[in-house]
Every structure is written in C-alpha cells, then in structure tokens.
Peer 1: 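Starting off with a structure, shown below.
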Amino acid sequence: MPASELQRAELERLVQGLNPAQREAVEHLRGPLLIFAGAGSGKTRVLTTRIANLLAQGEVEPYQLLAVTFTNKAAREMRERVARLVSGVDGMWVGTFHSTAARMLRRDAERIGLTASFVIFDADDQRAALRRVLDDLRLDPKRHPPALFANLISQAKNELLSYDTIPLRGPQDELLGSVFRLYEELLARSNALDFDDLIVKTVGLLRSEADVLGAWRARFQQVLVDEYQDTNRAQYMLVSLLAAEHRNLAVVGDDDQAIYGWRGADVRNILDFKKDYPDATVIRLEQNYRSTQAILDAAHAVIRHNSERADKRLWTDRQGGELIAVAQLYNEVEEAEYVADEIARLIRSENRRPGDCAVLYRTNAQSRAFEDVFGRRRIPYRLVGGVRFWERREVKDCLSYLRFIFNPADAVGFARIVNVPRRKIGPVSVEAVVAQARAEGVDLLSLLGRPEGVPGLPRAAQAPLAVLGADLRALRLEMAGQTPARLLELTVERIGLDRAYEEAGPQREARLENLRELRGLAEEYDEYGPGEEALGRFLSEVSLRSDVDALDEDEQGVTLITLHMVKGLEFPIVFLVGVEDGLVPHRRAIEDPTQMPEERRVCYVGMTRARDRLYLTCAFRRHLYGQSQAAFPSRFLKELPASLIAPQNRGAAAVSPPRASFSDRLREQPIAPAAPAPTSSRYASGDRVSHPSFGSGTVVKSTLTRSDEELVVRFEGAGVKILSATLAPLSRL
DNA sequence: TTTCTGGGCCTACAT
DNA sequence: GGCCCAGAAA
C-alpha cells in the first residue's frame, strides 16, 4: 500500500474514533465555525484532523491554509500531526501570531516605510528605548517609571491606537502622547519594531495596501485560529481582514481559559463571534478525556462562580480515582519538602516517574524553594521560564552584536554592545555618537570609522570606538558569505566575547556553555545557506521564541512552571502550590475585584492540567520580598465541596493541632491578616518556649519586622524553625 | 568620564 | 533577593 493510502486509512480511522461533536467539527468544510473546546476535550486532535480532512477532500491546497497559534510549540505540534495524515504540507502556514505577522511584514516592508532588515525589540530593548525617551524629555524615571509607559503603550497598540489617536482624558494622557510619539520615532530611526508592532504594522499594511490584502486573501482560503479567547483587538482585526471575503474562518477556544486579559486579550472576541458571523456553526466539546471526575468537579466548583461565561460543564466517563489532596504546610520550604515527599512516595509505591509530575505556581519567584529542595533531594527537575535562556547576559550580548551587524541603524542595540566587553566607553560617548549620526543622517557604523569628526566625543573614547568600528565593519562584510552559526563564531572570536567571560568567576562555565548552546541553535539555520536572509530569519525567530517552545517532552524530570505557561499542557500528577490569598488569587486582584474572574480562570487552568491526581497546597508563612509574612489559604479553596477533599491533612498538623475536618478549619481562618504592628519585642534570645508540635526550645534570635516579630527558635526535637511571635502558638516555659 | 560600591526599593502573568 | 541609582574613587 503506498504511503498516501496508509495515511488515508489512518485519517479514516481517526475520524471514526471521534465523538459526534468532534466529528461535526472535523467535517465542517466551509463557512464560519466556532468551537468551544473545554480543557482536555481533544482540541488538538480535532484541529489536526480537520486540517487533514480539508486537504484530503481536496477542499484546499496546503499553501492556501493559514493556522495561527500562540506558541511555536503548538504550531510545531500541529504541523507534525497533520504531516502524519497527509503528505506535501510544506507550503502550509502554521505559526504564531507574531511570527506569521513578521513573515508578512518582511515581504512588503518597504510598502510601509520599513526595510526588510528590521529588528525586533524585546522587553529589555523596549525599556531601554523608553529610558532614552524619558531622559530626552527630562522626566524623572522615579516618578514616571519606564515600565508603566511600556505597559500603556502596549495596551494602546493592542487596541490599534497610536499616539495621535489615544483618547485624551487628562494631562497624564498628554504626557503619554509625547512619550509614545518620541518612542515611535526612535523605533523608526532604529529600523526596529516591538512585539506589538508586528501585529499593528501588519494590520496597517493590509489596510493601506489593497493589492497586498487582496493577494493574501486570495491565497489563504482557510483560516484557523487556536486559543481564540486570548486574541486582542489587533489580532482580531488581523484575522478579520484575512477572512472577511471567503469567511472560511474556524476559531477554537475556551472562555474559561482566558488568562491573558492583562496583556490586552479580550474574551468578547470569542463570546461575540456569533455576532460577527451570525451564520456561524457553534460546536461545544464538553467531553473530557484527560481528568478524573473528582478533578473536573473540583475545577468546576471554582469556575462556576464566574458570571460572564458561556454555559458549559465538562464531563468524563472516567469515574473513580483519587480525591483532591489539600495540604497546608508551615512555609514555602516545607511546602517543597511535602511535594518532594509525595513525589518520592509516588515513585516508590505507584511506579510513577518524575516526568509524570508538575509543580504549578503563580509567580516565577516561587520556583526557588522547589529548585533548592529538589536539588538537595536529587529529584530531577526541569524549570520552564524563570531566568530565561534568551535573557541571559551572554546570550543577549552575542545576539545584540549580530543584530547590530544586521541592522547598523539600531541605536538601542548599539548602546547595549558598545561597552561589552569593557572599552571605557560610557553614556556620554554613546550620546555624542548617536546625536551626530542623527544630525548627519548616517548610520552609526559609518560614523565609527571617523570618531574624530564627532563633536563632544571624549578623547579617551576615540581609539576604542575606532577599533570597534573596524571590527563591526569587517564582520558586516562577512555577513553575505557566512551562515548565521559561522558569523556568530566569528563575532565571538573577533570581539573577544568568550574572553570577556573568562574572569567571570563561578558563572564562567555556565556562560561559555550557553554560548555553545546558542551556536547549536544557530546551526539549525545552516540549511538556508549563507547570507543576510538566513541571518534575518535566525534573529527574528530567536526573538519570538518562548520558553514553553523549548520544553522537551522526552526530557525527564519534574516540571516547574507558572500557571500561565502551563496552559495547553497536561500531567498525570499536578501540584498546584501557593494556593493562598495574595497568590491565587493574586494580591492585585484582591485590591481590584474586577480582576477576580481571571484569577478564577488561572486557578481553573491549573487544576484541569491534572490527569490522575491533583494536590493543592498552601503555606502558613511565606517568604516574599526578603521577608516572611503570614499567609492565608485561598478563598478558592473554601469553595471546594468537602466531599471532594481527601481526609488527609498531612503537614497541616505542624501549623496547629488538628481539630474538626480540614475544610472546616480553612473556613475559620481569617481572609486578611489583622495583626497590629508590634512596637517592642516580646521575646529575647535565650528565652525558653514551648510549641504544640515542635516541643520545647530556645529562642536564638528575635527580629522586629514591619508587621510582626520574627523568631528563630532551636527546638530540641524539631530543629531550627522561624516563627511569628504574633501567630505561632507559643508559650513561655 | 567611567567604574565601582553600598543602600534603598519593589517585586505577576509574557509574545 | 535582585535592580537601579547616587556618590566616591580612579
């Protein structure tokens, strides 16, 4: 049987195995389609089978198909799974919103006043650019933090607003307007775009150039958008523009998993789809193939309190299974110890592997305790996010050099590389060079060839600048004839980046290792051959790569990941940690209750990642911002029916003597700490104390903090503990 | 003018 | 616990 026959049979088999709702989605060929796909409802299977079916039916050619996702990982997976079912899918466009837009933009950059060699500014570059702007405006960065403007500008762009179209409601907005305008001018001079621009400029391109829009519309006969609930206004517009004519638009999403409101995503895009396309077919996938009924019931108990949601409820035929384990531990270290104990136990007695387990937390900072404890206990783990590979200094330095070689107009990039390694060139020199380049209207590279012609440039900076200029020009000449990997190598050698890290002490090895890894990644672009195009591709894909993209399924180890990045993944065993008021829900949502529904969804997303077992943990004290504070179980925990919670409350005994049932005790805990700030110490070192769980001990140290008195106590039986004098059940001996 | 160092300050989630 | 900035030293 030829390969295509085999594939056809496989496709047929897949379609047969679908439930009725799934099959209806797969067999829908034309016209608008909205699929509400609940967590674990087989969404990816439906999407890939549907694409394969469209191709197999001869409905479209692969190149006429556009599928948009939010992560490269999802895109890669979709492409691979379709390729297994039909052959010749190379021309199909499957990518993230940002990479798809970047691809369209590079093709017609000059139509909207850009060149194809534009660079993409990441969050760091963006902040650096804003700092420059604020400096030019003589604004105090203390009173006007760059991050705030970055946020406001990003929000405006997400809604397709520009500095001249943002609504003015007060003097604050006028200030924003000027910062915004100068920021845009700086980016334009630098031939750079920020993340949001990729979408905004593409929308602008399609709106202003009718022939470009017409060509894309004619090409993409079928458009498919995943995670539609996470689209913002600009992304919505991009999709609408492309699909308006043929209306073969299929969107998939779940309003209960909308957790990106803070970056401009608007759930209404999915909730109002039927208004945009009244003839749309709406399909709900409510059968869950992932979790046990107990897990689904628990997740539903949390999400059901949201009022504005499309009514639906997941069900499964997986009855039985474990109840939800809820545990309150003393602090974040013991929380990690508890998780480690449980993982060790599951490996020992249930034949689980570390790779079956995941620890989900709200903030990256929470990973630390787990890294420490797992490291000590030799439990293998893989950390997703945190100090990201792409944000490591050596990686950024190296890429910044390549970016500047690629685009010598980039003043922000120039400022970044000019003194790495140390060249005794400071901000004053940089300012002089950038100002002169702007005045003469030449790029920075040509100016470096004649530093004596730059007014105001300190004498000491002239020679090193000339050397740097010669190196960069030499490297730029190599650009046409070398692959990205080779150019990277030449750059590291010529600039001496590896030598710069030689004295870097204990981090040296890690840094050099990261450089080697970066080189390995660059090698993936060897297939495009030498030249500018391959380099451009490497640089833009590298800046659009996300942390989950690097997540290797085969790699073994407990996954440590934030609740946001875990969306779309699943694990047999899930530990959702730090389920406390202040983390889940986050402090900001407690201050601003309009954000509460999204917090519920964050929690819901976390819970529904679990296949077989779900643990929810919280701590009694938590170390945050360098100081230890009282913590309180999340209000969401109190919404779980007691019948779903396992009667086990290990670890909780360390906090207070067991009474009644665990959920009863949760209900008794106050929501907010109300302890008055102590003015004088109640204990001194040497005091003898007794604790119901730890026994008797001696106070080693007493420290007054802002809201509490923190005690270090050495217990004879339980070792050294840090306790709160106002909260711990201590008595003097 | 640049580099170094100590102290104040904040600190989600991320393409 | 890390980042940014002010002030001192080179």
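Heavy atoms only: backbone and side chains are in, while hydrogens, waters and symmetry mates are out. Note that the coordinates shown come from a computational prediction; the quantities given were computed from them, not determined experimentally. All chains are named by letter (A, B, ...) in the order of the sequence lines, taking the proteins before the strands, and each is independently numbered beginning at 1.
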Peer 1: Using whole Å, report how far CG of A:Leu539 lies from P of B:dT15.
Peer 2: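 Taking atom P of B:dT15 as the reference, CG of A:Leu539 is at 18 Å.
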Peer 1: Nearest of B:dT2, B:dA14, B:dA12 to any side-chain atom of A:Val428?
Peer 2: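 Out of B:dT2, B:dA14, B:dA12, the nucleotide with an atom closest to A:Val428's side chain is B:dT2.
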Peer 1: Do A:Gln595 and B:dA12 share a donor-acceptor pair, side chain to base, under 3.5 Å?
Peer 2: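 Present.
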Peer 1: Quickly work out the A:Lys567 NZ to B:dT15 C1' distance and round it to whole Å.
Peer 2: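 After rounding, the reported distance stands at 13 Å.
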Peer 1: Any idea which of C:dG2, B:dT1, B:dC13 is nearest the A:Ser429 side chain?
Peer 2: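 Out of C:dG2, B:dT1, B:dC13, the nucleotide with an atom closest to A:Ser429's side chain is B:dT1.
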Peer 1: To the side chain of A:Glu599, which of B:dT1, B:dA14, B:dA12 is closest?
Peer 2: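 When the side chain of A:Glu599 is considered, B:dA12 is the closest of B:dT1, B:dA14, B:dA12.
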Peer 1: Tell me what A:Asn419 touches on the nucleic acid: a base, only sugar-phosphate, or nothing, going by heavy atoms under 4.0 Å.
Peer 2: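 The answer is sugar-phosphate, as A:Asn419 gets under 4.0 Å only of primed atoms, P, OP1 or OP2.
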Peer 1: For residues A:Val384 and A:Asn364, report the shortest heavy-atom separation together with the two atoms involved.
Peer 2: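 Smallest heavy-atom distance, with atoms named: O-OD1, 4.4 Å.
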Peer 1: May I ask you to say what A:Arg127 touches in the nucleic acid, namely base, sugar-phosphate or nothing, with a heavy-atom cut-off under 4.0 Å?
Peer 2: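 Sugar-phosphate only.
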Peer 1: Please pick, from B:dT3, B:dC13, C:dG2, the nucleotide with the shortest atom-to-atom distance to any side-chain atom of A:Lys424.
Peer 2: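 Selected nucleotide: B:dT3.
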Peer 1: Give a yes or no on whether a salt bridge exists between A:Asp581 and A:Arg635, defined as a side-chain N under 4.0 angstrom from a carboxylate O.
Peer 2: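 A salt bridge is present here (some side-chain N lies under 4.0 Å from a carboxylate O).
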Peer 1: Do you know which two heavy atoms are closest between A:Val252 and A:Ala37, and how far apart they sit?
Peer 2: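 Looks like CG1-CB, 3.9 Å.
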Peer 1: Measure from CD1 on A:Ile259 to P on B:dA14 and round the result to the nearest Å.
Peer 2: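 Going from CD1 in A:Ile259 over to P in B:dA14 covers 9 Å.
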Peer 1: Identify the two heavy atoms, one from A:Phe70 and one from A:Glu227, that lie closest to each other, and give their separation to 0.1 Å.
Peer 2: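 In terms of heavy atoms, the two residues are closest at CE1-O, 3.3 Å.
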Peer 1: Taking 5.5 Å and 30° as the limits, would you call A:His586 and the base of B:dA12 a stacked pair?
Peer 2: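 A:His586 ring centre within cut-off of B:dA12 base, planes near parallel; stacks.
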Peer 1: Contact class for A:Arg131 (heavy atom, under 4.0 Å): base, sugar-phosphate, or nothing?
Peer 2: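 Touches sugar-phosphate only.
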Peer 1: Regarding A:Ile425, tell me which of base, sugar-phosphate or nothing describes its non-hydrogen contacts under 4.0 Å with the strands shown.
Peer 2: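 Result for A:Ile425 = sugar-phosphate.
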Peer 1: Is any N or O donor-acceptor pair between the side chain of A:Arg263 and the base of B:dA14 shorter than 3.5 Å?
Peer 2: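 Per atom types, no contact qualifies.
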Peer 1: Using atom CG of A:Leu134 as one end and atom P of C:dC5 as the other, report the distance to the nearest whole Å.
Peer 2: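 Distance, rounded to whole Å: 11 Å.
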Peer 1: Just how far is it from atom CD of A:Gln595 to atom CD1 of A:Ile590, taken to the nearest 0.5 Å?
Peer 2: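 Here the interatomic distance stands at 11.0 Å.
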Peer 1: Quick check on B:dT15: is either OP1 or OP2 less than 4.0 Å from any side-chain nitrogen or oxygen of A:Ser99?
Peer 2: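 For B:dT15, OP1/OP2 do not have a side-chain N/O of A:Ser99 under 4.0 Å.
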Peer 1: What's the verdict on side-chain contact (heavy atoms from CB on, under 4.5 Å) for A:Asp256 and A:Asn306, showing C-alpha distance, side-chain angles and the deciding distance?
Peer 2: CA-CA 9 Å; A:Asp256 287 337; A:Asn306 276 357; 5.6 Å; no
Peer 1: To the nearest Å, how far apart are A:Glu598 CD and B:dA12 P?
Peer 2: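 A:Glu598 atom CD is separated from B:dA12 atom P by 16 Å.
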Peer 1: What is the separation between atom CG on A:Asp124 and atom C1' on C:dC3, rounded to the nearest whole Å?
Peer 2: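 My rounded result for the distance is 12 Å.
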Peer 1: Please report the distance, rounded to the nearest Å, between CZ in A:Arg587 and P in B:dC13.
Peer 2: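 Roughly 12 Å, once rounded to whole Å.
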Peer 1: Counting only side-chain nitrogens and oxygens, does A:Asn364 get under 4.0 Å of the OP1 or OP2 atom of B:dA14?
Peer 2: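 True: A:Asn364 side-chain N/O within range (under 4.0 Å) of B:dA14 OP1/OP2.
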Peer 1: Where the side chain of A:Pro427 is concerned, which of B:dT2, C:dG2, B:dC13 is the nearest nucleotide?
Peer 2: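 Closest nucleotide among those given: B:dT2.
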Peer 1: Measure from the side chain of A:Arg422, starting at C-beta and using heavy atoms only, and say which of B:dA12, B:dC4, C:dC4 lies closest.
Peer 2: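 Closest of the options to the side chain of A:Arg422: B:dC4.
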Peer 1: If you assign A:Arg423 and A:Leu544 each to the DNA chain B nucleotide with the nearest heavy atom, which residue ends up on the more 5' nucleotide?
Peer 2: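 Nearest-nucleotide comparison on DNA chain B picks A:Arg423.
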Peer 1: Specify the closest pair of heavy atoms between A:Phe414 and A:Leu448, including all atoms of both residues, with the distance to one decimal.
Peer 2: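 Nearest heavy atoms, A:Phe414 then A:Leu448: CE1-CD1, 3.9 Å.
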Peer 1: Under the criteria of a ring-centre distance below 5.5 Å and an interplanar angle below 30°, is A:Trp262 stacked with the base of B:dC13?
Peer 2: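 Aromatic stack with B:dC13 present for A:Trp262.
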Peer 1: Here's a test of your reading of the structure: between A:Gln126 and A:Gly426, which maps to the more 5' nucleotide of DNA chain B?
Peer 2: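 Going by which nucleotide is closer to the 5' end, it is A:Gly426.
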Peer 1: Nearest-Å distance, NZ (A:Lys73) to P (B:dT15)?
Peer 2: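 Value for this atom pair: 13 Å.
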Peer 1: So A:Arg588, base contact, sugar-phosphate only, or nothing? Heavy-atom distance under 4.0 Å.
Peer 2: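 Here A:Arg588 touches the bases of the nucleic acid.
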